[in-house]
Q: 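Before I ask anything, let me first share the structure, which is written out below as structure tokens.
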Protein chains: 2
Amino acid sequence: MTRLPAAERRTRLVDAAVRVVAERGVAGATTRAIVAEAGMSLASFHYAFTSRDELMAELITTVVAHELTALRPELPTGRTLHDTLREGFMRYFDHLVAAPEREAAMLELTHYALRTPGLEALAERQYESYAELATLSLASAAAAHGVRWTRPVPELATTLVALTDGITIAWLVNRDGELAAAAFDLAAASIARFAEPVAEPVPSAHSSRPAHSLEATS
Amino acid sequence: MTRLPAAERRTRLVDAAVRVVAERGVAGATTRAIVAEAGMSLASFHYAFTSRDELMAELITTVVAHELTALRPELPTGRTLHDTLREGFMRYFDHLVAAPEREAAMLELTHYALRTPGLEALAERQYESYAELATLSLASAAAAHGVRWTRPVPELATTLVALTDGITIAWLVNRDGELAAAAFDLAAASIARFAEPVAEPVPSAHSSRPAHSLEATS
DNA sequence: GCCCGACTGGGTCAACCGTCCCAGTTCTCT
DNA sequence: AGAGAACTGGGACGGTTGACCCAGTCGGGC
């Protein structure tokens, strides 16, 4: 008998549930499958959680946090804005290809949350977090390339997340990597076209970047 | 005892299943829920279908066909390409807002098909059909506005479907109609920017549309 | 050492599920 | 009219599910 504090057992059960959902989908993540994966008894499940839905809520919160950490934007390295955006999309795509079942699970969990009374707010929070991440990416890219966005950033962020989700679904269905990569490149080009150079307000003592350099590099 | 031929009973069961999935999701579409909705006995279910999966396969085929019919592109009426594309997106958005649970069900069925051995090909066929519809829309819009696409059409079609799916999910989660409409407008603008006027091969006796008229109208 | 709370794990419960069984009814064909 | 196929519908089956039960063990505090 190895004793674990309840909090530790909860963590292990949630980690196990992440793996089970990824492998079998939400419907396959029964309490028995989860405890089997965690190497525990069924009673331990109910000792640690009052219900399966409580575990699912915590599962959603956990996987969203992990996703945000994994996809935190890196310092922009592209020579052009388009390059930077494309690199961001391709970084996500590498992440998707490395573990397709994970992204499929994210999408399934969204639908599950929307369908489960009491969990709707988690789906909302999930998508707010994605929008924040997209906003951060857009701001970072704009700053690195000396541009500003010609559309309201919430719209651009929504569109960026939509493109990501939509191309993900298409890829999960057809596994056409070339087409997905091309679509991500097209997505990057689309968004890049809503940028314009930031005009310098006044001449400064610093050597300023010429306004036409954006055109020259694209 | 009202006698029905098996084919009629199958149709009624599928129609009932469409309603049940829309209301309760795939997990809630049990054989008992479906027959209750159809006003039949459970034995009639198994008389008409050899298994629940057989009914689900037919359900997917049916709802995809209905979706394609509902979203068949209309004659382009926009004054500019951007307008035409935006109108197409907004027509879809009206369709979504009129029955959100229907589009949510479509997405859920995709995931269900991907998760169910033997049904994967239905998900693929679903997305091929969407791409064909998008391709038709793009061709129709290009012809109406005298432009051609500067990106391969499969890429543009994939992106158009991705934008549709992605904005749908975002709206299902947050029900922010203004943001969704703005995102659809931005999506239309994005795609419109991958068009260029079709050059006339040779001067003709017909009055030709001036090449700069596209810029003037946008 | 004792007590109490935290923890463990085997077992059980009622409800639900997809599938199957089977007797009865109806319809069509000969 | 009779036979056979198509159809009807109530019930049963074995399996699965989330949740609960409960006796036993362990650890910490007094």
Side-chain angles (χ1 to χ4, degrees), chain A residues 1-21 23-60 108-109 111-113 115-119 122, chain B residues 1-21 23-60 108-109 111-113 115-119 122:
Chain A
M1 182 186 300
T2 303
R3 284 188 133 233
L4 287 175
E8 174 67 21
R9 201 170 292 268
R10 287 167 71 97
T11 299
R12 292 191 184 192
L13 282 167
V14 169
D15 290 346
V18 169
R19 297 192 291 274
V20 173
V21 168
E23 183 179 342
R24 303 169 173 217
V26 170
T30 62
T31 54
R32 286 170 173 83
I34 292 164
V35 297
E37 175 71 26
M40 297 187 199
S41 70
L42 191 52
S44 295
F45 183 100
H46 291 287
Y47 182 76
F49 290 99
T50 59
S51 70
R52 180 176 178 272
D53 269 358
E54 189 192 349
L55 173 134
M56 296 305 286
E58 192 158 323
L59 168 65
I60 291 168
E108 279 183 64
L109 284 166
H111 289 292
Y112 172 77
R115 283 279 181 201
T116 307
L119 298 190
L122 289 176
Chain B
M1 182 188 298
T2 304
R3 286 190 129 229
L4 285 178
E8 175 67 20
R9 202 171 289 273
R10 286 167 73 96
T11 299
R12 292 192 184 191
L13 282 166
V14 169
D15 290 346
V18 170
R19 297 192 293 275
V20 173
V21 168
E23 183 180 343
R24 306 170 168 216
V26 171
T30 62
T31 54
R32 287 170 173 83
I34 293 165
V35 296
E37 175 71 27
M40 298 184 198
S41 70
L42 192 51
S44 296
F45 183 101
H46 292 286
Y47 182 76
F49 292 98
T50 59
S51 70
R52 180 175 177 272
D53 269 358
E54 187 192 353
L55 173 134
M56 296 303 285
E58 193 158 323
L59 169 65
I60 290 169
E108 280 183 65
L109 284 165
H111 289 292
Y112 172 76
R115 285 280 183 198
T116 307
L119 298 190
L122 289 176

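Just the heavy atoms: all of them, side chains too, but no hydrogens, waters or symmetry mates, feed the values below. Residue numbers start from 1 in every chain, and the chains themselves are labelled A, B, ... in the order their sequence lines are given, proteins ahead of strands.
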Q: Please name all residues satisfying side chain to side chain donor-acceptor pair (under 3.5 Å) with A:Ser41, sequence neighbours left out, ordered by chain then number.
A: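 Partners of A:Ser41 by the side chain to side chain donor-acceptor pair (under 3.5 Å) criterion, ordered by chain and then number, come out as A:Ser44.
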Q: Which atom pairs, donor and acceptor, lie under 3.5 Å between side-chain atoms of residues 27-37 of chain A and protein residues at least two apart or in another chain?
A:
{"from": "A:Thr30", "atom 1": "OG1", "to": "A:Ala33", "atom 2": "N", "distance (Å)": "3.0"}
{"from": "A:Glu37", "atom 1": "OE2", "to": "A:Arg19", "atom 2": "NE", "distance (Å)": "2.6"}
{"from": "A:Glu37", "atom 1": "OE2", "to": "A:Arg19", "atom 2": "NH2", "distance (Å)": "3.4"}

Q: Test of understanding: with side chain to side chain donor-acceptor pair (under 3.5 Å), list the residues that count as partners of A:Arg10, not counting sequence neighbours.
A: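 Testing A:Arg10 for side chain to side chain donor-acceptor pair (under 3.5 Å), a comparison that skips the adjacent residues, returns A:Glu54, A:Glu58.
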Q: Does A:Asp15 have any side chain to side chain donor-acceptor pair (under 3.5 Å) partners at least two apart in sequence or in another chain, and if so, which?
A: none
Q: Rounded to whole Å, please give me the gap between CG in A:Leu4 and C1' in C:dG5.
A: 17 Å
Q: Listed by chain and number, what are the salt bridge (charged side-chain N to carboxylate O under 4.0 Å, His left out) partners of A:Arg12, not counting sequence neighbours?
A: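 Partners of A:Arg12 under the salt bridge (charged side-chain N to carboxylate O under 4.0 Å, His left out) test: A:Glu8.
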Q: Whole angstroms only, please: what is the OH-P distance between B:Tyr47 and C:dC22?
A: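 B:Tyr47 atom OH is separated from C:dC22 atom P by 17 Å.
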Q: Taking only heavy atoms on the protein side, list every residue of residues 7-19 of chain A lying under 4.0 Å from any atom of DNA chain D, sorted numerically.
A: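 Close to the strand, none.
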Q: Under the salt bridge (charged side-chain N to carboxylate O under 4.0 Å, His left out) rule, collect the residues that match up with A:Arg9, sequence neighbours excluded.
A: none
Q: Just wondering, do B:Leu122 and B:Tyr112 contact through their side chains at under 4.5 Å, heavy atoms?
A: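 Heavy-atom side-chain distance check fails, nothing below 4.5 Å.
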Q: With the side chain of B:Arg3 defined as its heavy atoms from C-beta on, choose the nearest nucleotide among C:dT25, C:dC7, D:dG9.
A: C:dT25
Q: List the protein contact pattern of nucleotides 13-19 of chain D with one symbol per nucleotide (5' to 3'): B for base contact, S for sugar-phosphate-only contact, - for none; contact means a heavy-atom distance under 4.0 Å.
A: ----BBB
Q: For A:Glu23, enumerate each residue passing the side chain to side chain donor-acceptor pair (under 3.5 Å) test, keeping only those at least two apart in sequence or located in another chain.
A: none
